[in-house]
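For reference, the structure discussed in these notes is given below.
The model shown is predicted, which means the values in this text are computed figures rather than measured ones. Order of the sequence lines fixes the chain letters, A, B, ..., with proteins taken first and strands second; residue numbering starts at 1 for each chain.
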Amino acid sequence: MEETHSFRQYYEKNLLPDLKVLDRERKKVDRWVTIIGLSAVLAIFMESRFINLETKEVMMFIQLGTAIIAIIFISLAGKEYRKKFKEKIISRIVLFVDESLVYKHDGKVPRSEFTGSNIFQHRCDVYHGEDYVQGKIGKTQIEFSEIKAQYRQTTGSGSKTNTRYVTFFKGIFFIADFNKHFTARTIVLPDFSEKTFGKIGQKLQSLNFTRGKLIKLENPEFEKEFVVYGDDQVEARYILTPSLMERILNFKKKWNSKVYLSFHNSKVYIAIWLNKNLFETRLFKSIVDYTFIEKNVQYLLLLTGIVNDLNLNTRIWSKK
Amino acid sequence: MIIAIIIAAVVFLIIIGLYNLLVRKKNDAENAFATIDVMLKKRYDLIPNLVTTVKEYMKHEHSTLSEITDMRSKAVQGGLSEDERVALDNKISKHMAGIMVAVENYPDLKANQNFLQLQAAWNEVEEQISAARRTFNAAITSFNNAVETFPSNIMANIIGYKRKQLFEIPEVEKQNINAQDLFNS
């Protein structure tokens, strides 16, 4: 790829000096983490050896507390280093990909946009995000960030109430200006029931009242991968042209992950499940490593490439 | 006795259900056809403006343009059978696609702001018509399935519903996409 070739030069010229400085900091953090880790292990050992307690529960409680304190210290020791890596390195990689892009390591896609997309119907109790990028690719305005969204689940009652947080989305949430005008809402979800249950599954889908009308499209491969709901049959097809369906299929193959799309207010919202935390630094291994840094460029190119994947820069309709 | 009544009631409910299902599907199909009509009307409204703008620049396509104008007035007047209308509409599509390709030979026209706007509106209407046709076909397929599959086919036979014809998406429409790509500068 042309971009990756020129990135080598960019890397050597703009990133290498800072990376070397940061790597020295990494070694310091490594040392701290090792010291904290070892002392925690030692402390836990001593606690079990020299403190005599009647009950095992109290002992375990103390040990757990020690471990938690150690983890807090470890994350504090690395905090500044992680932040610097994002501010100095990732932000410049973002600029390399496209100069119009703005990066905020602690920013995220607004919660209202995430819930407003209506892709997920869970109540969003916890909403975390980082690595926010915003800008314009060609004629298309985009923004995206990593998002983790959870809902609270309580089971049992009285003194046995159990509360836990269930993650219903973790990955990249991407918003782009769509190239056509539309008002109704159309939602494209990964197909679970049709894939598993075939024709009967399709019947079940049409019974999903919370989602609007089921829209059956003529591309069988697309129908197998996705299920489409919408408020307006014609408008859904106006958006999902045969060529866009092909593009979405290829896009899904490229990411090889669960992909959700929502079209609303002339915008497209895309949620891509990822179990990886992108744009992070690392410990105990040198970061003056071209392949390690280059991976971030590839992620970013993949993300900004969505504009081309979905052909959003084609502006032959009345929306400019 | 009670069992007989229950069976009779269930059969009666099934009959009502099948009947309503068929009628609903027929209405969906008719509704979808009406949508195509609305979109076509939108396109007819665009033609006079487009023709006037284009005429100033195009030297060799005058006969095609006046043909388009004629066909358009024929279509707007109404009084045509469904088949005639579809045929006429296909002809208009084909001619207009030809004009849109010919635009390439006129750089001045391609730079005309007014034309560009009309062209964008045209592309949009074309896309909407195509969407409406696909919606119609989806509705017809659903209706045809109901008419031909068991057990609703029994009811369809009784009330005399017959299989409906799908809208053939004309070849021109598929070519349009390529032509559109040409304009994309």
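Here NZ of A/K216 is found 8.5 Å from OG1 of B/T141. Values are rounded to the nearest 0.5 Å. The structure places CD of B/E124 at 10.0 Å from CD1 of A/I316, a figure rounded to the nearest 0.5 Å. Taking OG1 of B/T135 as the start and CD of A/E235 as the end, the distance is 10.5 Å to the nearest 0.5 Å.
Residue A/K170 qualifies as enclosed at atom NZ: its count of foreign heavy atoms under 6.0 Å is above 12. Atom CG of B/D70 sits in a crowded spot, with more than 12 heavy atoms from other residues, nucleotides or ligands closer than 6.0 Å. Heavy atoms from other residues, nucleotides or ligands lying under 6.0 Å from CG of B/L13 number more than 12. Within a 6.0 Å sphere centred on OH of B/Y19, other residues, nucleotides and ligands contribute 12 heavy atoms or fewer. The number of heavy atoms from other shown groups lying within 6.0 Å of NZ (A/K253) is above 12.
Counting heavy atoms from C-beta on, the side chains of A/K180 and B/E127 come closer than 4.5 Å. Taking 4.5 Å as the limit, some side-chain heavy atom of A/V234 sits within range of a side-chain heavy atom of B/M39.
Looking at A/I239, neither its backbone nor its side chain comes within 4.5 Å of chain B, counting heavy atoms on both sides. Residue B/Q117 does not touch chain A at all, counting heavy-atom pairs closer than 4.5 Å.
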Which pairs would a plain distance check flag for residues 265-273 of chain A, meaning a side-chain donor or acceptor within less than 3.5 Å of a matching protein atom at least two apart in sequence or in another chain?
from   : atom 1 : to     : atom 2 : distance (Å)
A/S266 : OG     : A/F182 : N      : 3.2
A/Y269 : OH     : A/E113 : OE1    : 3.3
A/W273 : NE1    : A/Y260 : OH     : 3.3

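Side chain of B/N123 to main chain of A/W317: no donor-acceptor pair is present (N/O by atom type, distance under 3.5 Å, no hydrogens or angles).
With sequence neighbours left out, A/Q141 forms a side-chain hydrogen bond (donor to acceptor under 3.5 Å, both in side chains) with no residue at all.
For B/R134 and A/E218, the salt-bridge test passes: some basic side-chain N is under 4.0 Å from an acidic carboxylate O.
Nearest heavy-atom pair, A/R237 versus B/A131, reported as atom, atom and distance to 0.1 Å: C-CB, 3.6 Å.
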